[in-house]
Amino acid sequence: MSTPFTTDAVEAIKRHMNDDHAGDSLIIVRGMGGRPEATSAVTSDVDAEAITFTIDGGELVRVPWGATLTERAQVRKAVVTLYREACDRLGLPARGEH
């Protein structure tokens, strides 16, 4: 997969998602990744087209952004959009701040 992000940027995004937003990742996987039964989700990759999670210790689930990202600053907004859409699909209230 092509990516406009450096290896360091991808690692920083993964670290932030896994350290600060693990619960949000699981909601994204359940609502947008087609895996409503998932019990864990770890962000394992990020590229211009999607974010990839490893769920339940092994299966990879790619969730498309919906548009091609061209810079790192777009990742935050794209993740928040996925999170809110997943909450809507799952009938969960979305937190106001991210």
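Keep in mind that the numbers below use all heavy atoms, side chains included, and drop hydrogens, waters and symmetry copies. Note that the numbering runs from 1 along the sequence shown for the chain. These figures come from a predicted structure and were not determined experimentally.
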Side chain to side chain contact (heavy atoms under 4.5 Å, CB included) partners of T6, counting only residues at least two apart: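 Scan of T6 (side chain to side chain contact (heavy atoms under 4.5 Å, CB included), adjacent residues dropped) gives D8, A9.
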Residues that A12 engages under side chain to side chain contact (heavy atoms under 4.5 Å, CB included), provided they are two or more places apart: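 With sequence neighbours excluded, A12 shows a side chain to side chain contact (heavy atoms under 4.5 Å, CB included) to R15, R72, given in chain and number order.
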Minimum side-chain heavy-atom gap L69-V75 below 4.5 Å: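 Answer yes - side chains close enough.
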Any I51 side-chain heavy atom under 4.5 Å of D45 side chain: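 With C-beta onward as the side chain, the pair stays apart.
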List in chain and number order the residues that pass side chain to side chain donor-acceptor pair (under 3.5 Å) with [X], two or more places apart in sequence or in another chain; answer none if no residue qualifies.
X   : value
T68 : E49
D19 : none
T7  : none

Cluster link V42 to V10, ILVMFWY, side chain under 4.5 Å: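 No, V42 and V10 fall in different hydrophobic clusters.
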Hphob cluster co-occupancy, F53 + L26, side-chain heavy atoms under 4.5 angstrom: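 Hydrophobic grouping puts F53 apart from L26.
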Which atom of [X] lies closest to which atom of [Y], heavy atoms considered:
X   : Y   : answer
P64 : A50 : CA-CB, 3.7 Å
G31 : R89 : O-CD, 3.2 Å
E11 : K14 : OE2-NZ, 3.0 Å

Without swapping roles, check the side chain of [X] against the backbone of [Y] for a donor-acceptor pair under 3.5 Å.
X   : Y   : value
Y83 : R95 : yes
Q74 : E71 : yes
W65 : D47 : yes

Stepwise side chain to side chain contact (heavy atoms under 4.5 Å, CB included) test for I27 and L90: CA-CA 8 Å; I27 288 170; L90 297 170; 4.1 Å; yes
CA sep, side-chain torsions, deciding dist, call: L82, V63, side chain to side chain contact (heavy atoms under 4.5 Å, CB included): CA-CA 9 Å; L82 289 177; V63 180; 3.9 Å; yes
Spatial distance of atom CD1 (I28) from atom NE2 (H21) [nearest 0.5 Å]: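 So the CD1 of I28 and the NE2 of H21 are separated by 9.5 Å.
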Residues that R30 engages under salt bridge (charged side-chain N to carboxylate O under 4.0 Å, His left out), provided they are two or more places apart: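 Partners of R30 by the salt bridge (charged side-chain N to carboxylate O under 4.0 Å, His left out) criterion come out as none, since no residue qualifies.
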Would you list the atom pairs, donor with acceptor, under 3.5 Å between side chains in residues 54-61 and any protein atom, with sequence neighbours excluded?
| unit_1 | atom_1 | unit_2 | atom_2 | d |
| --- | --- | --- | --- | --- |
| T54 | OG1 | S44 | OG | 3.2 |
| D56 | OD1 | T39 | N | 2.8 |
| D56 | OD1 | T39 | OG1 | 2.6 |
| D56 | OD1 | S40 | N | 3.0 |
| E59 | OE2 | R35 | NE | 2.8 |
| E59 | OE2 | R35 | NH2 | 2.6 |

